Amino acid sequence: MTGLKKLLPLAIVAVALFHFAALGSRVWSLEKVVSNGDRHLFMAAPADPVDYFSGRYVAIRLDAATIKLTPEQRKNFDYQGRHWVGIERGEDGFSRFSGVVDENHPGPKVRACVWLSGEGEARVDPPFSRFYMNEKLAPMAETAYTRAANRTQRKAWVAVRVGDGVGVIEELYIEGKPVAEYLADESRGGKR
Amino acid sequence: MLGKQVFARWLKGELPTLVKKGVIDAEAAGRIASHYEAGPASGGWMLAAFGALGALCLLGGVILVFAHNWQHLGRFTKVALALAPLAVCHGLALFTRLTERSSPAWKEGVGIAMNLSLAAALGIVSQTYNLGGTFEEFVKIWTLLALPVPYVTGSVGAFILWCATALLSFGNPADSRDLWQFWPLFLAALPFPVFVIRTESHGPRSSIAAISLALTTAIGAVLSHKFFADTNLYLLFLLLAGGALHILGVAPEVGSSWKNPFRAIGGLGLVAAVLFLSWDDAWAHLLRDGINYNRWGLPGWYTDYGVALVAATALGWGWLALGELRRKNLSGCFLAAAPVVYLIAKYLLAPQSTFLASLLFNLYGLALGVATIRSAAHERSVGRLNAGMGLIAVLAVMRFVDSDLSMVLRGVAFIAVGLAFFAANWMMIRKGRAS
């Protein structure tokens with residue numbers, strides 16, 4: 001037991017290194033994506049009235065989250081796991097999910113949950129669906145987002161940095177402005 | 001705690017008078033004074049609880065102060081602030097070990113704060129980078145990172161928190177294919193509570209560690225149903241796990257303060273299983289072999305994992321039961337022998353008639369009740385007497401509502417129960433007269 005007691009300080013240092021290595025490597029990989037990842041714009045869809053926002057984040061729904069599955073993919077579909085989903089940039093400058101791809105797909109891709117929806121179709125649950133904000137601004141952002149993302153307006157989108165299979169939301173835009181700037185203009189009696 | 005300090009001060013003040021009057025010699029007075037010199041260092045649960053509460057308030061306060069200007073801070077600053085409480089907790093853990101501060105207040109305060117700092121760091125990193133993900137994924141990562149915290153801090157509170165997150169992750173997993181991780185993680189966490197129970201066998205920390213361990217084992221066993229394609233095997237696993245827990249609780253070499261959670265939780269589970277198996281419908285359902293309950297789309301090897309679980313639990317149960325048999329502690333093994341009764345009923349009686357299998361468990365339940373009442377009478381334990389009579393009463397009520405039994409058989413069951421009650425009363429009266 002005495003020997004064990006002597007090892008305890010070393011064990012504490014080892015556990016501290018383990019914790020900081022785990023968290024630090026996660027932060028490092030995310031920073032790489034934010035700094036060097038491809039920038040994609042995704043058009044936002046109207047917010048789910050049931051899941052407006054939770055706590056201090058705005059729940060983002062993406063417009064082009066439906067993909068097509070080949071008969072082969074549908075037949076061997078893995079209901080439990082995450083899938084590699086490819087991303088392609090459209091002519092309008094906005095990106096959308098192209099479909100389920102394999103791990104060696106050369107283009108931009110992310111790991112995401114995919115749910116079978118209609119005949120030959122599936123819905124992607126993207127890993128970037130929350131935009132965290134100051135809790136005082138979040139309710140106003142929610143209202144502005146809902147108004148801008150409706151089917152006739154289509155004036156809300158998110159900028160996402162994609163790299164190493166990870167997507168990180170960089171900014172939420174409403175009518176072409178970062179959401180904080182938009183809300184600041186609104187509060188100053190800016191353009192509605 | 002305060003009373004002990006006051007008493008210690010008073011006693012030390014009395015020592016010179018006692019020496020002068022020749023009640024004790026100077027050497028004894030010196031030993032008594034040294035013994036109480038430690039003062040309040042051992043601390044009590046109040047100190048531990050307030051230590052933990054203080055750590056949480058301090059942590060929360062620091063986070064709230066920075067939260068006020070959160071949106072103006074850069075990513076690196078946010079991450080640094082997220083990791084700072086964790087760094088402080090590690091520093092404190094090292095400080096307490098190097099300075100050999102062993103009071104519960106330090107251990108529990110640092111341990112709980114470290115566990116919660118991990119959760120806070122994970123949450124703040126998710127917020128800083130606008131990460132999605134589910135609550136289940138968050139709990140899974142938190143559970144993995146928090147596993148070593150009880151070991152390095154010596155905190156039972158941190159162990160309880162870990163058990164809660166591990167069970168949450170097991171019961172509601174982010175990915176069902178990670179379910180297999182629960183038992184290996186549980187085994188990795190097991191040495192800590194065992195160490196606390198063995199080294200602090202008469203303290204409150206060991207009791208709480210024992211309760212947490214027993215509850216986690218029991219809940220984990222119940223949640224393991226996804227590993228079993230066959231209900232029979234799952235039932236056998238539950239009976240073996242309950243039996244092993246119960247035997248652990250009655251083993252005489254175990255300290256008196258911690259054995260009860262194992263005995264109580266194991267016993268409760270076994271009694272529930274015995275009552276379930278006394279039902280004829282249960283046997284008619286169990287006999288339907290080949291039903292695949294693995295409807296969660298799990299890999300095929302999960303059923304092999306289930307078989308391995310049964311084998312490992314059977315080994316543990318067998319080893320413990322053998323120990324009790326060697327000590328001739330038959331009454332302690334009686335309830336824990338439920339797996340053997342089940343196997344006899346399942347493979348010898350049920351193929352002939354499901355009624356015979358359920359009858360065996362009815363008789364077993366009745367015998368258990370009578371044995372409990374008998375030992376209660378011997379130990380003059382009112383609680384155990386009530387437990388025994390309660391078991392028999394529940395059996396009787398269940399037989400009444402069991403629509404498959406004829407009126408005659410119900411009548412026979414009630415007569416048997418009535419005779420058992422008379423017998424119990426007669427024994428207690430005889431005992432009372434004899435004493």
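Proteins get letters first, then strands, A, B, ... in listed order; numbering begins at 1 in each. What you are looking at is a predicted structure, and each value in this text was computed from that prediction instead of being measured. Side-chain atoms are counted along with the backbone in the values below, which use heavy atoms only and exclude waters and symmetry mates.
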Please report the closest heavy-atom contact between [X] and [Y], naming both atoms and the distance.
X        : Y        : answer
B:Pro148 : A:His19  : CG-NE2, 4.3 Å
A:Ala22  : B:Leu145 : CB-CD2, 3.7 Å
A:Leu8   : B:Tyr151 : CD2-O, 3.9 Å

Handout entry: Chi angles and distances behind the side-chain contact (heavy atoms from CB on, under 4.5 Å) call for A:Arg26, B:Tyr129
Key = CA-CA 11 Å; A:Arg26 180 75 173 137; B:Tyr129 292 94; over 6 Å; no
Handout entry: Max heavy-atom pair count under 4.5 Å with chain B, selected residue of A:Arg130, A:Arg161, A:Glu31
Key = A:Glu31
Problem - Whether over 12 other heavy atoms sit under 6.0 Å from B:Phe76 CZ - result: no
Problem - Heavy atoms from other residues, nucleotides or ligands near CH2 of B:Trp180 exceed 12 (cutoff 6.0 Å) - result: no
Exercise for the section: Under 4.5 Å, heavy atom to heavy atom: which of residues 162-173 of chain A reach chain B? Give them by number, or say none. Expected result: A:Val168, A:Ile169
Contact origin within [X] toward chain B - heavy atom pairs under 4.5 Å:
X       : answer
A:Leu30 : both
A:Pro9  : both
A:Val34 : side chain

Practice task
Output the distance between atom CD1 (B:Ile124) and atom CG (A:Leu23), rounded to the nearest 0.5 Å.
Solution key: 11.0 Å
Fill in the blank from the handout: Most contact-rich option vs chain A, by heavy-atom pairs under 4.5 angstrom, among B:Glu100, B:Arg75, B:Met114, B:Arg97, is B:Arg75
Problem - chain A interface, residue from B:Ile141, B:Leu98, B:Asn130 that has the most non-hydrogen pairs under 4.5 Å - result: B:Asn130
